[in-house]
Amino acid sequence: MKVVLSTFALAASAASAFQASSSKQTATAPSSSALCVLGEEVADATVVAGSNGLKSEPRKHETPKSFATKCATLYHPHEGAGKGLAPPVYFGSTFMLDDAAHGARLHEKREAPYTDEDGFVYSRWGSPTNEAAALQISALEGVDEGTGSCLLFNSGMSAITSSLMAVLKAGDHAIFPFCTYGGTLEFMKEFAVHWGVEVTFVDASGPEGPGNYKNALRENTRVVYTETPANPTCRLTDLAGVARVVDEHYGPASDIPGTDVVDRKRPWIMVDGTFATPYHQRVLDIPGVDVAIQSATKYLGGHSDILAGSVTSRSEPFLHACSKVQKLITVPLNPMDSFLLARGLRTLDVRMQRHGENAIKVAKMLEAHPMVAEVYYPGLDSHPDRYLADQVFSSGRDVDSEEDEWKQTYGGMISFITVGDGENALRRARNVCEQLRVVNLAVSLGGVESLVEHPASMTHTMIPREQRLAGGLHDGLIRLSVGLERAKDLVEDLRNSLDLCDEDGCAVE
């Protein structure tokens, strides 16, 4: 990979390297020296035509003479060095301006996810490597440039909270599922409610899910939040049904570019689709769904080595509001992690297929084991939302895919419940996790390695037991992220761990 270590980067070269739409710029002749000093006198200034009128190339500087100035001067490779196959990593925190008018234009622009021919101004507002990865996720979500955009954040929680802060204010009402990621629930309970936001929790799964949302709608409802498949129960939500009941109550969405999010009366339907990823579920293709959220830490990155989150939408007012939150409160994904995320995305298709192929084998073994009371995996006929599974899990299919080009899979996430209740179930589940020797005991999911965790004693301890049970989080529920190991090794490891349990609990050796 090519790494640009300078503090500054030319805005014109950044835009031409990373924007999918070509910008019409006149290039200056390359310098004959091995390394070009920024602005070294190599040619007369070139005038560039852009949508905002004529602007000049960056100002020229003298070739440094003193040692100290040589140390502090920005040296750049030839222009031809920018032809590397992989997008480069731009670590610059700030960017060169052509003149004062250029700087004024950049600061006057309406906040948006992507730059234009004027380029970048400051990395807290966006940067080239971040934008390159965002363009790729946007494409995977089914949103082509010009019809919507993607914002990348430094974590999945940052993506979630930024989306919510973009549209919620004091006096607003939001609807959330009982069963959703623990951090999302914690944010609503520990922050949003203290800011004057009212929250209603509903059972979002199964045939009754849309009706439960409908019954909770109010005139001040601003967010209808869903998570499907749900974390950690793997229950599914009928998103088309949810959008339909919202349309019936408020009418279809109508967003006018340039307006403010507060002008809209219809709630924003947001979907956290981390478990499925765009490989299986492109939620913005469902009429009425406004926002697609991904914890890119998980499957999109795929290697347990970055924290990242994405927010994609076709609504310009929402994207503007979310961009402003990112600019002032949260933060864009840094360049190095943006590069690693983009690299992970290139293998998403083949990884997701292997995750699904392994998971169905593991799920079938778990379903047959006497120490397992229930298994939640959308690919099993016993799954309570099996009727929705084939709609949700598209398995990378395109509209014109031939039958022999894809294989139906149902993701790599499994939840199962050990036999027993109360303390017995808690003890069994904990010890099953601790006896595993191939599967790793760790939070998170979606990496190439298999991970297991016990929500009741780990990730959801902040939720009262009564509410946890109401949301489907049984004391003995175990969440399993099936990796890319040999399926036989995973099956044997889990069977051996379960075999240690009896009616009185686990015999830990």
Side-chain angles (χ1 to χ4, degrees), residues 133 136-137 140 152-160 181-183 227 229-234 272-281 293-310 333-334 336-363 366 376-379 393 395-396 409-416 432-434 436-455 458-459 478-494 497:
Q136 189 166 8
I137 291 180
L140 295 177
L152 290 182
F153 295 83
N154 63 344
S155 72
M157 272 309 303
S158 184
I160 292 167
Y181 176 58
E227 182 178 286
N231 182 3
T233 62
C234 297
D272 181 342
T274 297
F275 272 27
T277 82
Y279 173 82
H280 284 301
Q281 181 178 241
I293 301 172
Q294 305 283 343
S295 175
T297 306
K298 315 303 194 297
Y299 286 110
L300 299 190
H303 294 80
S304 303
D305 54 8
I306 63 168
L307 294 176
S310 70
L333 186 63
N334 70 74
M336 191 67 235
D337 284 349
S338 296
F339 174 86
L340 291 172
L341 173 57
R343 187 172 66 174
L345 291 171
R346 293 178 201 138
T347 59
L348 178 66
D349 182 78
V350 292
R351 285 189 287 107
M352 290 304 295
Q353 181 176 331
R354 179 66 172 268
H355 283 301
E357 291 172 351
N358 280 356
I360 189 64
K361 296 174 183 177
V362 171
L366 292 172
Y376 292 98
Y377 182 66
F393 293 90
S395 304
T409 55
Y410 298 92
M413 297 304 302
I414 302 172
S415 290
F416 62 98
V432 166
C433 293
E434 292 170 359
L436 292 166
R437 295 298 178 262
V438 176
V439 180
N440 303 279
L441 177 60
V443 298
S444 197
L445 58 100
V448 296
E449 66 289 315
S450 294
L451 302 176
V452 70
E453 68 116 341
H454 179 217
M458 294 171 61
T459 55
I478 294 171
R479 189 188 73 181
L480 173 65
S481 173
V482 179
L484 307 186
E485 301 92 343
R486 186 186 183 192
K488 182 179 180 181
D489 294 343
L490 298 175
V491 167
E492 290 178 353
D493 190 35
L494 285 156
S497 183

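- For S395, the side-chain hydrogen bond (donor to acceptor under 3.5 Å, both in side chains) test picks out Q408, with sequence neighbours left out.
- Looking at residues two or more places apart in sequence or on another chain, you find a salt bridge (Lys or Arg N to Asp or Glu O under 4.0 Å) between E357 and K407.
- Considering only residues two or more places apart in sequence or on other chains, A308 meets the side-chain contact (heavy atoms from CB on, under 4.5 Å) condition with A296, I306, L333, L341.
- For residues 482-493, the pairs satisfying side-chain hydrogen bond (donor to acceptor under 3.5 Å, both in side chains) are S450-E485, with sequence neighbours left out.
- Listed here is the closest heavy atom pair of P229 and A276: CD-CB, 3.7 Å.
- Between M413 and Y376 there is no side-chain heavy-atom pair separated by less than 4.5 Å.
- By the side-chain contact (heavy atoms from CB on, under 4.5 Å) test, Q136 is found to be paired with A342, L345, R346, residues two or more places apart in sequence or in another chain being considered.
- Under the ring-ring contact (aromatic ring centres under 6.0 Å, His included) criterion, Y299 pairs with H355, sequence neighbours left out.
- In this structure, D272 and I160 have side chains that are in contact, with non-hydrogen atoms separated by less than 4.5 Å.
- Side-chain contact between H280 and T409 is present, with at least one heavy-atom pair separated by less than 4.5 Å.
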query = Step by step, would you call Q353 with Y279 a side chain to side chain contact (heavy atoms under 4.5 Å, CB included)?
reply = CA-CA 9 Å; Q353 181 176 331; Y279 173 82; 3.8 Å; yes

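- Judged by distance alone, with hydrogens and angles left aside, the side-chain atoms of T347 form a donor-acceptor pair with the main-chain N or O of G344 at under 3.5 Å.
- Partners of Y410 under the ring-ring contact (aromatic ring centres under 6.0 Å, His included) rule, at least two apart in sequence or in another chain, are F393.
- Counting only heavy atoms from C-beta outward, the side chains of Q294 and L140 never approach each other to under 4.5 Å.
- With sequence neighbours left out, the ring-ring contact (aromatic ring centres under 6.0 Å, His included) criterion links H454 to no other residue.
- The shortest non-hydrogen separation linking G356 to Y377 is O-OH, 3.7 Å.
- Evaluation of the side-chain hydrogen bond (donor to acceptor under 3.5 Å, both in side chains) rule for S158 yields N154 as partners, not counting sequence neighbours.
- The only option from L451, L445, V452 that meets the side-chain contact (heavy atoms from CB on, under 4.5 Å) definition with R479 turns out to be L445.
- Heavy atoms only, all atoms of each residue included: P232 and P455 are closest at CG-CG, 3.8 Å.
- Side chains of L300 and P278 form a contact here, defined as non-hydrogen atoms less than 4.5 Å apart.
- Side-chain contact between L480 and L490 is absent, with no heavy-atom pair separated by less than 4.5 Å.
- Counting heavy atoms from C-beta on, the side chains of K298 and S444 come closer than 4.5 Å.
- The side-chain hydrogen bond (donor to acceptor under 3.5 Å, both in side chains) check on Q281 picks up nothing, with sequence neighbours excluded.
- With hydrogens and angles disregarded, a donor-acceptor distance shorter than 3.5 Å links the side chain of N358 to the backbone of G483.
- Applying the salt bridge (Lys or Arg N to Asp or Glu O under 4.0 Å) criterion to R351, with sequence neighbours excluded, gives no partner residue.
- With sequence neighbours excluded, the residues satisfying side-chain hydrogen bond (donor to acceptor under 3.5 Å, both in side chains) with S304 are E449.
- Shortest non-hydrogen contact noted between G412 and A359 is CA-CB, 3.9 Å.
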